[in-house]
Each structure stands twice: as C-alpha cells, then as structure tokens.
Student: 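My questions will all concern the structure given below.
Just follow the structure's listing: the first ligand is 1, and inside any ligand the first atom is 1. Computed from a prediction, not measured in an experiment: that's the story for all the values here.
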Amino acid sequence: MCGIFGAVSSTHVQDSLIKGLSKLEYRGYDSAGISLITKTKKIKRLRCVGKVKNLKSLVSKSKSSGVCGIAHTRWATHGKPILKNSHPHNSDEVSIVHNGIIENSDDLKIFLKKKKFKFTSDTDSEVIAHLFSYYSKKSSDSISTMKAVAQKLQGSFAIAAICERWPDKLIAACNGSPLLVGAKKGSNFISSDIHALSESTNKYVPLADNEIVEIDSDNYQIYNFTGKKISRKTSSTKKQTKIVSKGEYNHFMQKEIYEQQEIISNAIKHQIGKKGLLPNIFGPNSDKLLLKTKHIHFVACGTSYNAALIAKYWIEEITDIVCTAEIASEYRYRTVNVPSGTLFVAISQSGETADTIYSLKKAKNRNYCSILSICNVPESSITRLSDLVYLTHAGPEISVASTKAFTSQLIALLFMTMVLSRTSKNKAIEQTILKQVKSLPAIIKKTFLLEKEIKKIAKNFKNKKHTLFLGRGVSYPIALEAALKLKEITYIHAEGYAAGELKHGPLALVDKNLPVIGLMPDNNLVNQVLSNLAEVRARQGLVYIFTNKKLSGSKVDKTNVINMPSCGHFVSPLVYVIPMQLLSYFVAIEKKTNIDQPRNLAKSVTVE
Ligand code: M6R
C-alpha cells in the first residue's frame with residue numbers, strides 16, 4: 001500500500017519527486033525511495049527507512065540529480081519495513097516502483113531464478129524489476145517491454161519503471177490500482193493520486209485498468225495491454241493546494257476534532273435553505289431517484305463503515321427502504337443479490353480505499369439503479385467512478401484516525417435520511433430531523449466543555465490492557481467507532497458491543513480491571529442499557545456512563561457518570577462520538593504514542 005510519483009522534464013526532477021511523494025505519505029510511511037537517470041544515463045537509487053523527510057535529506061546530501069525519475073513511499077505488505085524491502089527495486093539497467101499485490105510472485109520468482117536473476121528483497125514487487133529487465137532485452141521499445149511484463153502479472157498493480165536503455169522515458173502501467181498522468185509544457189508526471197500532482201500541474205489524465213503509458217518531457221501516450229493506442233483528453237483540476245498546518249493545536253487529530261463544529265455549521269449553511277433541505281444535493285435528479293429507491297447497499301471500510309451502520313438505523317426507522325451496510329472487503333468477494341430499485345452507496349473519506357474502489361467497480365456491473373459516493377476528496381478515484389457524488393467538504397484530514405470525516409459523513413447521511421423520509425407516512429419527521437440538525441453546532445460546542453473531565457478520566461486508562469464500549473440502537477455503531485479510535489491510537493485492545501449482546505459471551509471478560517463505557521443517550525433504550533451496565537457492575541467492572549439522562553435510583557452508581565448535553569434522538573451519534581474521540585486522544589497523550597501516525601497504519605489503505 002504505497003504512493004508512486006514519477007517525472008520526466010527538461011529540468012531536474014528530484015525536488016518535484018520529493019514534493020509529490022510528501023503528499024502521498026498518507027498511503028504509508030514505512031520507507032521511501034527515489035531512482036533517477038543521471039547525466040551519465042545510469043540509474044542512481046536512494047532509499048531510506050521511515051518518512052519522506054529522511055529521503056529528502058538523503059537526496060540533498062547526495063547531490064543526485066536527473067531529468068527522469070521515479071519515487072515511492074511504502075506501507076509494508078510483503079516483507080518487513082527495512083531498507084532491502086524499500087522501493088525502488090532494481091534489476092540490470094532497470095528500476096521500478098510498485099503499488100498493489102502480485103499474487104503470482106512465487107511462481108514468477110521460480111521462473112526468474114531459473115533465468116539467473118538474484119533476489120535481494122522479501123517483496124513481491126522485486127519480480128517486476130527482473131521481469132522488466134528480462135523482457136527489455138528481448139524488446140525494441142519500452143511499450144512492448146511493459147506489455148510483456150503486465151501480461152505476466154496476476155493481482156493488482158500500479159507500476160512505474162525507468163530503464164537505462166530508454167533514459168529519457170518513464171513507463172507506467174496499472175490494473176486495479178489507480179495511476180494518473182499529469183501534463184505540463186516541458187514536464188510530464190505520473191502519480192497515485194491527483195493531490196500529489198497539484199504542486200506540479202492542474203492538468204491530468206486518469207489511466208484505466210489494463211493501460212500503459214509512456215511519458216517523456218514533451219509527450220505522453222497511453223496504450224492498452226494489447227498495444228492499441230488510446231487517446232484521452234486531459235481534465236483540469238479545480239483543486240487549490242492549501243498548506244494544512246496544526247495551528248494552535250498539538251496534533252492534527254486534536255485540530256480535526258475541534259473543527260467538527262464548523263464543518264457541521266458549513267454543511268447546514270450550504271445544504272439547508274429557508275424551506276429546508278435544498279433540492280438534489282446528492283447530484284442531478286437525485287431526489288427523484290432517492291424517492292424511487294427500494295433498497296440501499298452501503299459499502300465502506302473502517303470508520304466510514306461505522307457511519308454506514310448508523311445510516312441503516314436511521315433510514316429503516318422511518319422508511320420502508322431495506323438497507324444493508326457492508327464492509328467493502330467482504331462485499332467485493334461475495335455473491336450479492338441486487339433487487340430492482342437498489343441504490344449502491346460507497347462511503348469513503350479518501351476516495352482511494354482499494355476495497356471500496358473494487359466494490360464500486362463490481363457494483364457498476366450489476367443492476368443498481370445508481371452508484372452514489374459520499375466522499376471527502378474531490379476528483380478522487382471513487383468520485384470519478386460514481387454516477388452521483390456528495391462531497392463532505394471536511395477539508396484535508398491528516399490524522400490517520402478519522403474524526404471530522406466521520407461526522408461530516410453522518411451529516412450527509414442524515415440529509416439523505418431527510419430526503420428518504422418523504423416516502424414515510426409521518427410527514428412531520430423531516431422537520432423534526434431538520435430542527436435537530438440545526439441545533440447541532442451549539443450542542444457540539446457544549447460537548448467540548450467536557451474536555452477537562454475526559455482528560456482526567458483518560459489517566460485511568462493509561463495502564464489498561466482492554467476496554468469495552470457498549471451502546472444500543474444508533475449508539476451501537478458509536479461504540480464500534482469508539483473502540484476503533486482507542487485501538488488505533490493508544491494500542492489498547494478495545495471492543496464495541498451491542499449492550500444486549502454482552503451476556504452472550506463478553507461478560508466473561510469483566511473483572512475489576514476492565515473499564516466498560518456505556519453510551520446512553522436519553523431515548524427508549526435507557527432502561528435496557530442500565531440493566532446491562534448493572535450486570536457489569538455486579539461483576540466489579542469499572543463502569544463509565546456517558547448520558548444526558550438524569551439518573552436516579554438504586555441501579556445507578558453516580559460516581560462515573562459523565563453528563564452529556566441533551567440532544568435529539570437523530571443527532572445523538574454525532575454528539576456522543578465527540579467525547580469518545582477526545583477520550584482516545586487523551587489516553588494516547590498519556591501513553592505518548594504517535595497520535596497522528598500510529599504504528600503499522602496508513603491514512604489511506606490502497607491495497608486489499
Ligand atoms: O478513506 P476511507 O474512509 O475509505 O478509509 C476507510 C478506513 O481505512 C478508515 O476509516 C480507517 O478505519 C480510519 N483510520 C479509522 O480511524
């Protein structure tokens with residue numbers, strides 16, 4: 001799971017390669033590397049373990065330069081994050097970078113070893129370098145070489161290669177892993193995403209699956225894997241490059257948590273008019289389409305999947321529409337029934353998550369009435385592939401742990417629920433939700449006042465090994481999200497459970513060392529949640545309750561009750577997730593972990 005950037009220019013490219021690579025670090029930060037064709041037409045490779053900043057200083061110390069080069073930032077899949085496994089991988093006269101997984105790498109290794117190629121890494125990617133070298137000796141040009149290589153590979157890949165035999169050209173190919181060409185007078189580029197191109201050019205052409213591109217400083221030409229020329233016009237990106245900084249905050253995660261009030265206010269300002277929700281906010285004619293929809297298949301990963309789960313609760317509560325929320329890595333491989341009138345909805349912050357992209361591509365070949373994406377990144381792979389797009393406008397989310405992207409997705413899904421509610425017999429429900437949505441910014445502001453109290457509680461988690469989060473109804477996905485956040489940035493094992501499910505097994509874990517957090521908005525499920533928490537307390541579990549219900553009676557131990565501001569039923573997930581984000585953040589502070597870039601993770605998961 002990696003980022004690829006490449007450039008060919010009439011001037012030196014090493015600086016633009018480093019700049020492009022820095023923007024791709026969200027895809028992985030285990031190691032980074034660069035290969036250039038130098039003045040003497042020889043390949044010079046520089047690699048290092050860790051982040052792009054380490055590579056930057058290596059490149060400037062080495063004073064290496066060239067007009068044609070490739071660069072890579074890695075998230076380890078095959079082989080440890082050590083120097084020998086860092087990209088680029090070299091073979092005779094060849095250097096390559098790769099994103100994806102080569103499924104038949106073991107077979108190819110056997111073939112290549114017989115041809116006397118020596119392997120120096122544990123990666124699947126190295127086979128590509130040797131294959132390219134092997135076929136380059138048999139071909140007269142770079143296109144037929146790449147064509148021969150691509151035809152041997154099984155799995156998903158985006159590849160960029162340079163070769164001393166064709167020192168002024170860069171050759172790239174992709175299948176199942178995104179790659180774009182960036183075009184400018186006197187320079188051309190390739191990149192894993194549009195964002196990394198933004199410093200170099202605003203003109204881009206996406207490659208489709210099974211395509212090859214050859215670029216030099218003046219031209220680029222796309223081919224398919226059979227060698228046929230493909231002509232495709234460049235598009236212009238509207239995206240402005242904005243430097244994102246932490247400002248007054250200590251971490252991006254902290255900043256992003258606090259941005260949520262403004263993001264929600266902006267969503268309300270932009271999507272709600274005097275008479276209520278503006279028409280067709282999900283794209284041209286989307287209201288009509290939504291009102292005809294009989295089923296919705298939500299597909300997403302991680303935090304975005306938790307948002308999908310909440311949408312299912314909301315929509316099924318007030319309409320007859322049947323919703324499923326499914327993890328993309330499951331959806332993509334299973335047999336899916338698509339009844340007529342089904343809408344496919346992909347939810348993704350980055351728009352580059354491989355499993356979600358594959359699921360969306362699968363959905364495009366089924367009889368869905370439309371493919372809608374809810375996404376934070378304009379012009380990302382997912383938005384480009386969708387029929388309808390809702391942009392969440394949360395701004396760049398830098399912290400690996402997703403916070404503001406989640407609440408901005410929830411607001412979008414609540415807007416969708418409002419449109420769908422027009423099919424309900426309860427004609428007042430849209431207004432009820434609208435009123436609650438409008439009240440949100442002020443409630444969120446009040447929720448932030450809990451910071452001090454949460455900071456204090458966080459100290460109690462520092463030495464804990466496990467934590468349970470419990471919720472019912474719409475609070476159950478918030479329990480899942482709270483557990484995901486805690487695991488991700490504090491490395492404490494955490495589980496989210498439907499509170500009623502506890503007694504079916506997990507109750508066995510409860511003892512005096514296990515913190516159990518109950519999420520209990522004041523709704524029709526309070527008594528059930530209280531009973532579940534009483535079961536925990538009876539086994540000496542350490543119960544914390546987040547609630548806006550005024551608690552009284554013998555079932556309640558008021559010592560660890562965190563009083564939440566009151567809020568409407570529909571908006572409670574957006575309110576209750578905030579103290580959970582803050583709790584994880586402050587526990588991570590206590591544990592001194594790398595909050596914005598937790599170990600083993602990447603912001604965007606671009607391999608399956
Ligand atoms: O960019 P996406 O929303 O598609 O990403 C999905 C997940 O990888 C992501 O939400 C992940 O679970 C977060 N790091 C959680 O905080």
Student: Atoms of ligand 1 less than 4.0 Å from Cys301 heavy atoms?
Tutor: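 Checking each atom against Cys301, I get 6 (C), 7 (C), 10 (O).
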
Student: Who are the side-chain contact (heavy atoms from CB on, under 4.5 Å) partners of Ala196, not counting sequence neighbours?
Tutor: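 Counting only residues at least two positions away or on another chain, Ala196 forms a side-chain contact (heavy atoms from CB on, under 4.5 Å) with Phe5, Lys23, Leu24, Ser191, Asp193.
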
Student: State the atoms of ligand 1, each with its element, that fall below the 4.0 Å cut-off from a heavy-atom position in Thr353.
Tutor: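 Answer for ligand 1: 1 (O), 2 (P), 4 (O), 5 (O).
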
Student: Contact between Lys485 and ligand 1, counting heavy atoms under 4.0 Å?
Tutor: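 Under 4.0 Å: yes for Lys485.
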
Student: For the pair Glu397 (side chain) and Lys404 (backbone), establish whether a donor and an acceptor sit closer than 3.5 Å, ignoring hydrogens and angles.
Tutor: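 Yes, Glu397 side chain to Lys404 backbone: donor-acceptor pair under 3.5 Å.
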
Student: When you measure from the side chain of His87 to the backbone N and O of His98, does any donor-acceptor pair fall under 3.5 Å?
Tutor: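 Yes; at least one donor-acceptor contact below 3.5 Å.
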
Student: Under 4.0 Å from a heavy atom of Gln349: which atoms of ligand 1 are those, numbered in the order shown and with their elements?
Tutor: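 Selected atoms, number and element: 1 (O), 2 (P), 3 (O), 4 (O).
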
Student: Please report the shortest heavy-atom distance between Phe298 and Ala308, naming the atom on each side.
Tutor: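 Closest pair (atom of Phe298, atom of Ala308, distance): CB-CB, 3.6 Å.
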
Student: Would you mind telling me if ligand 1 is within reach of the side chain of Glu352, the backbone, both or neither, using heavy atoms under 4.0 Å?
Tutor: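 Neither; nothing of Glu352 gets under 4.0 Å from ligand 1.
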
Student: Check each atom of ligand 1 against the heavy atoms of Ser304 and keep those under 4.0 Å away; list them by number with element.
Tutor: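 Close to Ser304: 2 (P), 3 (O), 10 (O).
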
Student: Give a yes/no verdict on whether any heavy atom in Ser604 is under 4.0 Å from an atom of ligand 1.
Tutor: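 Checking ligand 1 against Ser604, which is what was asked, there is no heavy-atom contact under 4.0 Å.
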
Student: Please give me the minimum heavy-atom distance between Ser236 and Lys203, naming the atom from each residue.
Tutor: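 Smallest interatomic distance, heavy atoms only, reads OG-NZ, 3.1 Å.
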
Student: Checking Asp596 side chain against Phe252 main chain: does a donor-acceptor pair fall under 3.5 Å?
Tutor: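 Yes: the side chain of Asp596 pairs with the backbone of Phe252.
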
Student: Considering only non-hydrogen protein atoms, determine which one is nearest to atom 1 (O) of ligand 1 and report residue, atom name and distance to 0.1 Å.
Tutor: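 Closest protein heavy atom to atom 1 (O) of ligand 1: Ser350 OG, 2.7 Å.
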
Student: Evaluate Gln409 for polar contact with ligand 1, using N/O atom pairs at a separation under 3.5 Å.
Tutor: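 Between Gln409 and ligand 1, no N or O pair is found under 3.5 Å apart.
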
Student: Within the distance-only criterion (no hydrogens, no angle test), does the side chain of Lys485 pair as donor or acceptor with the backbone N or O of Ser402 below 3.5 angstrom?
Tutor: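 The answer is yes, because a donor-acceptor pair under 3.5 Å joins these two groups.
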
